[in-house]
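Report on the following structure.
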Amino acid sequence: MVKICCIGAGYVGGPTMAVIALKCPSNQVIVVDISVPRITAWNSDQLPIYEPGLEDVVKQCRGKNLFFSTDVEQHVAESDIIFVSVNTPTKTRGLGAGKAADLTYWESAARLIADVSKSNKIVVEKSTVPVKTAEAIEKILTHNSKGINFQILSNPEFLAEGTAIQDLLNPDRVLIGGRETPEGQKAIKVLKGVYAQWVPEDRIITTNLWSAELSKLAANAFLAQRISSVNSMSALCEATGADVTQVAHAVGKDTRIGPRFLNASVGFGGSCFQKDILNLVYICECNGLPEVANYWKQVIEVNDYQKNRFVNRVVSSMFNTVSGKKIAILGFAFKKDTGDTRETPAIDVCKGLLGDNAHLSIFDPQVNEDQIQRDISMKKFDWDHPRHLQPSSPTSVKQVSVVWDAYEATKNAHAVCILTEWDEFKKLDYQRIYDNMQKPAFVFDGRNIVDVEKLRKIGFIVYCIGKPLDQWLKDMPAVA
Ligand code: NAI
């Protein structure tokens, strides 16, 4: 029996290991983390992350072959395969600050593995890391290795939050990179054996280490690029009277392009896209490739532009000021079906509106007040540094109230901004919302989910990303 340990019980480590435990009943899987509250939550009925289907999988395996523990040293020492799924945020200070990946957490995990190991181990990079990280990790592990053989594999995770369990059960591909030595190939075979218990062999791709590491950064860059491409078109659609949904449909019908990831929105978010592209940009710069770096940097710049454009549209439509006005924010998570708010566009939109002195009333079905206040008062790039490792709690912002109901949020509001595409926002009673709002009542739909015609009939002034503007908005053009 192969004993598997995963360091890092987060959005990736938790669901990934739960699915491995489900599909490999003869393997023991232990997820360890230095965060006591996180492990306590994994062992309770209130899991630390919201992910459709996750609770069911955890309940089936927990206590049988799936365990969560804070005893990092013991379980690392006893395991054969160690996945490292710790966070790899953007560096906030020092060399490469604001771009390079902060590998502090990874390095301390590697040092711990080196310190406590007494037998040969396969160490798997599950976290997204800069290309060539395995080389550095190898140095840490083999220095003072007491004759132990460590094989490093790169096995980046491609799951998407909100659909993590489905993605893990039925992945497009599993990627495993390893050294091209006999030992490296043997290690690849062992890890392949784990996935092969439920993933068809032709979907398990094996490569060299550097290709696997770079493929993850490249995949995220390509995905984010599609969003920035369609978002850049949305600005042109608004200027010309074209409809971005129609354009995206027509473009996506080309089988060379495909229809997915072509929804215009207020911008992409999540813990990965921005940080991984910044990391890619930094790696390009370090390798003397400024043109390549600038090319990818544009993907982020268009994303920032899109968020600013949205804020400017809100402010300019409302007589060029939102000072003292109540604005309802529906949705704060970076997308539906997750409670994750890391790098959500809602943070920048809310900060932009607060900058013009608006009063915000925020509702998200999965995000609590503490999280929202923390996010809004946090400095850029601090979002992915775990709370328990942060020095102090930021104070709450007075102009922000967080409520637990969309109708409460919109009561007496001048405007509604939809920032997450939760299904329940499509089904709201917009007549009731309109009746309880200040007039003129505005809806700014940052996710293109509302029935525009229906809302206009009710009396709302409606703005949707990349859609033909109604006369009111044309008369008050946004300053981009
Ligand atoms: P997370 O922040 O949710 O979880 C990381 C966990 O590692 C935290 O609970 C933290 O306490 C723990 N940790 C940090 N240092 C530790 C140490 N030395 N020993 C034990 N535990 C330690 O992060 P998340 O979202 O799970 O991401 C992990 C990695 O996976 C990142 O590199 C990310 O880029 C990558 N990734 C994330 C995806 C996502 O959708 N969130 C998707 C694919 C990859």
Side-chain angles (χ1 to χ4, degrees), residues 230-248 263-267 305-331 345-346 348-363 399 406-407 409-421 425-426 428-480:
V230 77
N231 280 346
S232 71
M233 286 299 156
S234 75
L236 191 53
C237 286
E238 286 167 32
T240 57
D243 180 329
V244 75
T245 311
Q246 296 174 351
V247 172
N263 289 331
S265 70
V266 61
Y305 163 76
Q306 188 76 344
K307 291 181 271 189
N308 284 334
R309 216 166 67 73
F310 187 85
V311 171
N312 290 346
R313 179 68 77 186
V314 174
V315 176
S316 63
S317 306
M318 297 173 71
F319 315 101
N320 234 5
T321 178
V322 288
S323 182
K325 293 177 186 166
K326 175 175 172 179
I327 298 187
I329 304 290
L330 298 188
D348 285 342
V349 170
C350 288
K351 282 185 175 175
L353 295 172
L354 289 168
D356 206 70
N357 215 18
H359 288 259
L360 305 182
S361 183
I362 306 178
F363 165 65
Q399 289 147 271
Y407 298 105
T410 51
K411 201 186 279 172
N412 285 324
H414 292 257
V416 179
C417 294
I418 300 174
L419 300 184
T420 313
E421 70 280 21
F425 296 158
K426 294 180 192 165
L428 291 170
D429 180 348
Y430 281 96
Q431 182 68 56
R432 177 178 162 197
I433 289 177
Y434 180 80
D435 291 344
N436 289 320
M437 282 177 66
Q438 306 274 344
K439 308 295 177 319
F442 297 83
V443 169
F444 298 94
D445 182 359
R447 299 288 179 165
N448 288 355
I449 59 164
V450 299
D451 181 338
V452 187
E453 288 318 312
K454 193 169 146 196
L455 262 61
R456 285 194 181 134
K457 251 188 219 137
I458 291 173
F460 283 107
I461 296 161
V462 188
Y463 165 75
C464 289
I465 307 264
K467 302 265 186 184
L469 301 174
D470 56 13
Q471 197 53 46
W472 181 289
L473 300 166
K474 277 189 199 155
D475 292 343
M476 300 206 183
V479 188

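Index from 1, following the sequence.
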Original post:
Nearest 0.5 Å, what's the CD1-CG distance between I433 and L330?
Top reply: 6.5 Å

**OP:** Decide yes or no for V450 and K454: does some side-chain heavy atom of the first lie under 4.5 Å from some side-chain heavy atom of the second?
**Re:** no

Original post:
Please walk me through it: do K467 and N448 pass side chain to side chain contact (heavy atoms under 4.5 Å, CB included)?
Top reply: CA-CA 9 Å; K467 302 265 186 184; N448 288 355; 4.0 Å; yes

Original post:
Can you find a pair of side-chain heavy atoms, one from F442 and one from S317, that are under 4.5 Å apart?
Top reply: yes

Original post:
When you look at Q438 and N412, which way does the side chain to side chain contact (heavy atoms under 4.5 Å, CB included) test go after all the steps?
Top reply: CA-CA 5 Å; Q438 306 274 344; N412 285 324; 4.2 Å; yes

Original post:
Going by heavy atoms in the side chains, are D451 and Y430 under 4.5 Å from each other?
Top reply: no

Subject >> Minimum heavy-atom distance between A358 and I327, given as atom pair plus value >> reply: CB-CD1, 4.1 Å

Original post:
Got a second to check how far R447's CZ is from K426's NZ, nearest 0.5 Å?
Top reply: 12.0 Å

Original post:
What distance separates L236 CG from N231 CG, expressed to the nearest 0.5 Å?
Top reply: 13.0 Å

**OP:** Give, for atom CD of Q431 and atom CD1 of I458, the distance between the pair rounded to the nearest 0.5 Å.
**Re:** 5.0 Å

Original post:
Is the charged tip of R432 near the ring of Y407: under 6.0 Å from the six-membered ring centre and within 45° of its axis?
Top reply: yes

Subject >> Rounded distance (nearest 0.5 Å) linking atom CG of L360 with atom NZ of K351 >> reply: 12.5 Å

Subject >> Non-hydrogen side-chain atoms of R309 and E238 separated by less than 4.5 Å >> reply: yes

Original post:
Backbone N or O of G459 within a donor-acceptor pair of the K439 side chain at under 3.5 Å?
Top reply: no

Original post:
Shortest non-hydrogen contact from P468 to G241?
Top reply: CG-O, 3.7 Å

Subject >> Least distance between heavy atoms, A415 atom then F444 atom >> reply: CB-CE1, 3.8 Å

Original post:
For the residue pair L354 and Q399, what are the closest heavy atoms and their distance?
Top reply: CD2-CB, 3.7 Å

**OP:** Could you tell me whether the side chain of C350 reaches within less than 4.5 Å of the side chain of I329, counting heavy atoms only?
**Re:** yes

Original post:
Of all heavy-atom pairs between A264 and I465, which one has the smallest distance, and what is that distance?
Top reply: CB-CG2, 3.9 Å

Subject >> Sub-4.5 Å side-chain heavy-atom contact between P345 and Q306 >> reply: no

**OP:** Evaluate the criterion side chain to side chain contact (heavy atoms under 4.5 Å, CB included) for residue pair V314 and K325; output intermediate values, then yes/no.
**Re:** CA-CA 12 Å; V314 174; K325 293 177 186 166; over 6 Å; no

Original post:
Do the non-hydrogen side-chain atoms of D445 and L455 ever get within less than 4.5 Å of each other?
Top reply: no

Original post:
Going by distance alone, is a donor N or O of one side chain under 3.5 Å from an acceptor N or O of the other, for E421 and S265?
Top reply: no

Subject >> Flag side-chain contact, heavy atom, 4.5 Å: T410 against L428 >> reply: no

**OP:** Would you confirm whether R456, through its side chain, and V462, through its main-chain N or O, come within 3.5 Å as a donor-acceptor pair?
**Re:** yes

Original post:
Can you name the closest pair of heavy atoms from A409 and S361 and give their distance?
Top reply: CA-OG, 3.4 Å

Original post:
Between atom CE of M476 and atom CG of L469, what is the distance when rounded to the nearest 0.5 Å?
Top reply: 13.0 Å

**OP:** On the 0 to 90° scale, with breaks at 30° and 60°, tag the F460-Y434 ring pair as parallel, tilted or perpendicular.
**Re:** perpendicular

